[in-house]
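All heavy atoms count here, side chains included; hydrogens, waters and symmetry mates do not.
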Amino acid sequence: MTSSSSPSWSERVVVRDGVRLSCRDWGGSGADVLLLHGLAGHAGEWDDTARLLRDSGHRVVALDQRGHGGSDRNPSDGDVSRAAYVADTVAVIDQLGLDRPVLIGQSLGGSTALLTAAAHPGLPRALVLVEAGPGGANPGVQEQIGGWLRAWPVPFPSRAAAVAYLGGGTDAVGEGWASGLEERADGLWPRFDPEVMVQSLDENATRAFWGEWAAITCPTLVVLGQGEHGGIIGGEEYAEMVRRRPALHGTSLPGTGHDVHLERPGVLHRLIVGFLADGGAVSSPADGPGTAQDGARDGSGRR
């Protein structure tokens, strides 16, 4: 199903086991790319990156993952396991005819991309993780995230109020989050159920995914935040990622936090394009990722 939704993209709907999955299809030609947003996010977070990738020679699709955005908010099967997210990704690739796409995911979307690449080694051409990794058991994460989501002062009376609250002082982040809100008669509301979001973290709260990480065979780039608000991937986790996969290419962006894709979409785009042009063959140092400035210096020291 296709419907005109914007001069720049069209909505494509995929249905898997009765669950409706909404995608933004940006068109374009060249190597396919599938973009996966983070927890409580939406496909529109990727708009700037999607446009840049399309215009630089890629066919680009961004997925609203189950429970988010234009996709079913409360999946009829009640399944928000990591396996369900992976199966959705595979269904989108299959039904939209994506040929060995580059999987690009931020945060929980990065986890989905990682697990998809591990479970289906011949499926992705390459993997790009933005502020995501194999992680470790984090028993407090559901209480922390659930408390934050439930505390949102909804409905927001205006977009400006939403941007100010959700951005934490960074307008680009606030705009990205606010663009995913739904306008109703009494104000702006999130397009997700906080309890579904918390349930989506069941496995992340209890286990790591190091076995899956080691099973990935495609070239992989990791892009991390490095700023006042920091990122979620610590030095020890990154070092272990490199130890288990020495060919990993890693880059950090000074002055950014967890939402790198919203704060520096242009730099992120240049890093992705450069990585793909290299065939992902560049290794990063084991003691930490390289540092990229706005000129997009990557982990190999090239600009």
Side-chain angles (χ1 to χ4, degrees), residues 19-22 36-46 63-85 88 105-112 130-133 135-208 225 228-233 256-263:
V19 176
R20 180 186 189 276
L21 303 169
S22 176
L36 302 168
H37 62 78
L39 185 78
H42 60 103
E45 292 181 19
W46 290 109
L63 167 64
D64 270 330
Q65 299 191 87
R66 62 172 50 211
H68 298 77
S71 295
D72 281 349
R73 211 164 297 185
N74 290 278
S76 56
D77 58 5
D79 189 357
V80 287
S81 65
R82 296 281 67 217
Y85 279 80
D88 289 346
Q106 186 261 350
S107 196
L108 190 74
S111 171
T112 303
V130 181
E131 275 288 294
N138 186 354
V141 68
Q142 289 172 294
E143 181 179 356
Q144 176 189 0
I145 297 297
W148 178 61
L149 295 175
R150 297 183 194 106
W152 286 18
V154 293
F156 292 104
S158 67
R159 185 180 178 100
V163 169
Y165 180 83
L166 298 171
T170 305
D171 285 349
V173 173
E175 288 287 353
W177 281 82
S179 66
L181 299 174
E182 176 179 73
E183 185 172 2
R184 302 181 192 170
D186 59 347
L188 298 170
W189 291 83
R191 292 192 296 165
F192 58 80
D193 180 336
E195 305 315 313
V196 173
M197 299 298 98
V198 171
Q199 187 182 350
S200 296
L201 294 172
D202 280 353
E203 290 160 86
N204 299 73
T206 58
R207 59 161 295 195
E228 179 183 351
H229 301 291
I232 65 170
I233 309 299
T256 63
H258 188 51
D259 292 307
V260 172
H261 62 309
L262 296 174
E263 297 177 75

Note to self: Taking E195 first and then R150, would you say they form a salt bridge - that is, a charged N and a carboxylate O separated by under 4.0 Å?
What the structure shows: yes
Notebook entry, point to check: Within the side chain of S71, is there an N or O that forms a donor-acceptor pair under 3.5 Å with the backbone of D64?
Noted result: yes
Next item on the list: Kindly check if the number of other-residue, nucleotide or ligand heavy atoms within 6.0 Å of CD (E182) is above 12?
Entry: yes
Notebook entry, point to check: For A40, does its backbone N or O pair with a side-chain atom of H68 as donor and acceptor, under 3.5 Å?
Noted result: yes
Notebook entry, point to check: For G135 and A208, which heavy atoms make the closest approach, and how far apart are they?
Noted result: O-CB, 3.2 Å
Notebook entry, point to check: Nearest 0.5 Å, what's the OG-CZ distance between S22 and R191?
Noted result: 8.0 Å
Next item on the list: Indicate the atoms forming the closest heavy-atom contact of G67 with M197, along with that distance.
Entry: O-CE, 3.4 Å
Check: Do side-chain atoms of D72 reach the backbone of V19 as a donor and acceptor pair under 3.5 angstrom?
Finding: no
Margin query: With rounding to the nearest 0.5 angstrom, report the CG to CG distance, L181 to L166.
Written below: 6.0 Å
Next item on the list: Can you measure from CZ (R159) to CD (E183) and round to the nearest 0.5 angstrom?
Entry: 10.5 Å
Next item on the list: Supply the atom-to-atom distance E175 CD to L262 CG, rounded to the nearest 0.5 angstrom.
Entry: 10.5 Å
Notebook entry, point to check: Listed by chain and number, what are the side chain to side chain donor-acceptor pair (under 3.5 Å) partners of Q142, not counting sequence neighbours?
Noted result: D202
Notebook entry, point to check: Are the side chain of E131 and the backbone N or O of I232 linked by a donor-acceptor pair below 3.5 Å?
Noted result: yes
Notebook entry, point to check: What's the shortest heavy-atom distance between F192 and P194, and which atoms?
Noted result: O-CD, 3.7 Å
Check: Just how far is it from atom CZ of R82 to atom CG of L201, taken to the nearest 0.5 Å?
Finding: 8.0 Å
Margin query: Classify the ring geometry of Y165 against F156: parallel below 30°, tilted from 30° to 60°, perpendicular beyond 60°.
Written below: tilted
Check: Looking only at heavy atoms, what is the nearest atom pair of H37 and Q65, with distance?
Finding: O-NE2, 2.7 Å
Next item on the list: Write down the atom of L39, the atom of S200, and the distance for their closest heavy-atom approach.
Entry: CD1-CB, 4.1 Å
Notebook entry, point to check: Can you tell me how far the OG1 atom of T256 sits from the NE2 atom of H261, to the nearest 0.5 Å?
Noted result: 11.5 Å
Checklist line | For D88, all residues meeting side chain to side chain donor-acceptor pair (under 3.5 Å), sequence neighbours excluded | finding: R16, R66
Item checked: W189 to P155 - nearest heavy-atom pair and separation -> NE1-CB, 3.3 Å
